[in-house]
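This report refers to the structure that appears directly beneath it.
Note that this is a predicted model, so its numbers are computed, not measured.
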Amino acid sequence: MNEEEKKEYEQVKNNVFYLDWNIYSYLLGINEIIDPEVKAKIMCFKHIYLNNINKEKTVFPYSYAHFLDIMQGEQSFVEDKIYILNEISKNWIIYEDQNNKEQVLLNKVESIKNEYERYLNDQIQGKKISSEMNPFIQSIIEPGWIDAFNTINEIPDSEVKTACLKLLNSIKKQNGMKPEIETLKFNKFIRNQKLEYEGKKFKFPGVNEKIIDFEMERLKKSVDSCLKQSDYPFNSSDDYFESSIKVPLFSNFFQKVGELCGLVDLIGLTSEKIKGDKSFQGIINDQIHLSHGLRSHYFITEDKNLLVKSKFIKKWLNLPVKIFDIDELNKFLLKQISINTKSIKEKQITYTFKDNENVEIKRYIIELD
């Protein structure tokens with residue numbers, strides 16, 4: 001950073017708002033939003049951002065996860081997506097420090113478009129190298145495939161056996177739907193089957209969504225209890241964490257986020273929708289967003305599953321981040337604006353938002369302490 005950017009950084013470093021990609025998507029296509037309530041909330045946020053936020057003391061950085069979302073979306077709108085990313089982030093990026101991946105850094109780039117093109121090229125080169133190494137890797141693990149198929153073939157003929165074979169074949173051949181999607185589908189299939197174990201129905205772990213409002217210790221006890229009472233081979237969350245694979249390439253925080261996202265799915269708090277071969281990559285992108293957003297001051301998403309996961313992880317790891325959906329963000333920003341307006345002495349303020357035709361779209365009543 002040059003001297004001017006360092007001064008900017010000092011102004012914004014304590015007020016970092018991380019927006020999930022779905023917020024950018026809504027901002028880019030406001031007129032295409034079907035849900036009138038969501039459309040009204042997004043229009044209100046746009047107005048607040050453009051007219052009320054002090055951008056000299058506030059920053060909405062992007063991350064490489066946003067680039068991944070753009071790469072996996074409709075390519076005819078890439079320039080529009082880069083534009084909206086630039087308009088909101090003002091070229092600020094948040095990323096893991098390569099010297100200490102447990103912390104994130106905030107920096108300003110000269111051109112988001114140039115950064116995107118460089119990142120896209122890196123991804124293409126990475127996939128090329130991976131493809132070239134695949135035959136070598138397959139030759140090493142081939143004996144493992146033989147053992148896996150032999151084990152499944154010992155299962156009595158059933159829908160479960162058929163699903164297991166389909167899953168294993170998909171992973172081995174890398175054809176058709178991505179193997180990760182088959183894994184997610186298999187998980188859903190198994191949960192929906194009335195499986196029996198030693199003459200009894202197989203019991204899956206399940207909790208009420210209200211546990212995300214519990215304090216950390218109570219939350220962990222509730223999760224441990226539901227795992228212990230299930231027929232899964234985990235008596236506690238510690239057993240679950242010990243079974244996970246550690247990858248030295250990734251930061252401990254990112255891996256912990258991934259483990260906790262998996263735990264949330266395991267106990268039935270969320271259920272991901274499987275729409276196509278991009279679903280799994282979308283889930284990975286969400287974890288990357290979380291690993292950056294939960295180390296910011298504020299994380300905002302309009303994705304219900306991601307909202308549950310982020311609140312769960314915040315409680316589990318006792319993180320200081322504030323988490324909002326877009327409506328909660330609007331209320332928070334309006335309250336801060338009201339507090340910072342010294343001339344306002346009322347205890348209650350009403351903000352009315354109108355569209356271009358002067359028709360009211362939404363009203364917020366803000367209570368001041």
Side-chain angles (χ1 to χ4, degrees), residues 12 15-62 66 69-70 73-74 76-90 92 209 273 282 286 289 293 296-308 310-311 321-369:
V12 304
N15 212 19
V16 180
F17 290 76
Y18 188 97
L19 301 178
D20 184 24
W21 177 248
N22 55 39
I23 307 298
Y24 286 100
S25 294
Y26 282 137
L27 287 168
L28 188 61
I30 287 181
N31 294 330
E32 282 72 50
I33 299 175
I34 298 174
D35 188 324
E37 185 62 22
V38 173
K39 184 175 182 178
K41 295 171 187 176
I42 294 294
M43 290 176 71
C44 291
F45 170 70
K46 182 178 180 181
H47 179 91
I48 295 168
Y49 178 82
L50 292 175
N51 301 286
N52 302 103
I53 290 178
N54 183 351
K55 299 174 188 65
E56 292 182 358
K57 295 184 178 180
T58 309
V59 67
F60 291 77
Y62 75 94
H66 292 101
D69 285 316
I70 293 174
E74 177 55 59
S76 59
F77 297 108
V78 167
E79 288 190 8
D80 293 335
K81 293 173 182 178
I82 295 294
Y83 173 80
I84 193 69
L85 207 59
N86 178 73
E87 284 295 294
I88 300 297
S89 72
K90 304 301 181 186
W92 284 100
E209 189 175 321
K273 295 179 180 179
D286 285 345
H289 280 305
S296 303
H297 300 101
Y298 308 94
F299 175 66
I300 303 94
T301 182
E302 198 63 15
D303 182 312
K304 291 181 179 179
N305 278 340
L306 201 59
L307 197 64
V308 169
S310 61
K311 290 182 177 181
V321 61
K322 290 183 172 64
I323 298 169
F324 302 126
D325 60 24
I326 198 67
D327 195 47
E328 293 168 332
L329 175 64
N330 289 342
K331 293 174 184 176
F332 174 79
L333 292 173
L334 290 173
K335 186 169 184 176
Q336 294 304 114
I337 292 165
S338 301
I339 292 172
N340 293 332
T341 305
K342 296 181 180 179
S343 60
I344 295 178
K345 298 181 180 180
E346 294 87 348
K347 292 185 178 181
Q348 184 184 87
I349 302 175
T350 300
Y351 290 89
T352 302
F353 293 87
K354 298 181 180 181
D355 62 18
N356 294 332
E357 297 178 356
N358 207 36
V359 176
E360 181 178 325
I361 56 173
K362 193 167 180 63
R363 181 179 301 181
Y364 286 99
I365 299 174
I366 306 300
E367 301 287 344
L368 299 178
D369 300 330

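- Screening Tyr49, Tyr298, Trp92 against Phe17 for a ring pair (Phe, Tyr, Trp, His ring centres under 6.0 Å) leaves a single residue, Tyr298.
- Taking 4.5 Å as the limit, some side-chain heavy atom of Leu27 sits within range of a side-chain heavy atom of Ile42.
- Under the 6.0 Å cut-off for aromatic ring centres, His289 and Tyr18 qualify, their centroids lying closer than that.
- For Lys90, the NZ atom counts as densely surrounded, since its 6.0 Å shell holds more than 12 non-hydrogen atoms of other residues, nucleotides or ligands.
- In this structure the side chain of Asp327 reaches within 4.5 angstrom of the side chain of Lys362, judged on heavy atoms.
- Annotation: side chain of Ile82 is in contact with side chain of Val78 (closest heavy-atom distance under 4.5 Å).
- Aromatic rings from Tyr364 and Tyr351 are positioned such that their centres are separated by 6.0 Å or more.
- Residues Gly293 and Val321 share a closest heavy-atom pair of O-CG2, 3.7 Å.
- Partners of Phe324 under the ring pair (Phe, Tyr, Trp, His ring centres under 6.0 Å) rule, at least two apart in sequence or in another chain, are Phe332.
- Tyr26 meets the ring pair (Phe, Tyr, Trp, His ring centres under 6.0 Å) test with no other residue; sequence neighbours excluded.
- Taking both residues in full, the closest heavy atoms of His297 and Val16 are given as ND1-N, 3.0 Å, listed atom of the first, atom of the second, then distance.
- The ring of Tyr62 has its center no closer than 6.0 angstrom to the ring center of Tyr24.
- In this view, Ser25 and Trp21 satisfy the side-chain contact (heavy atoms from CB on, under 4.5 Å) rule, not counting sequence neighbours.
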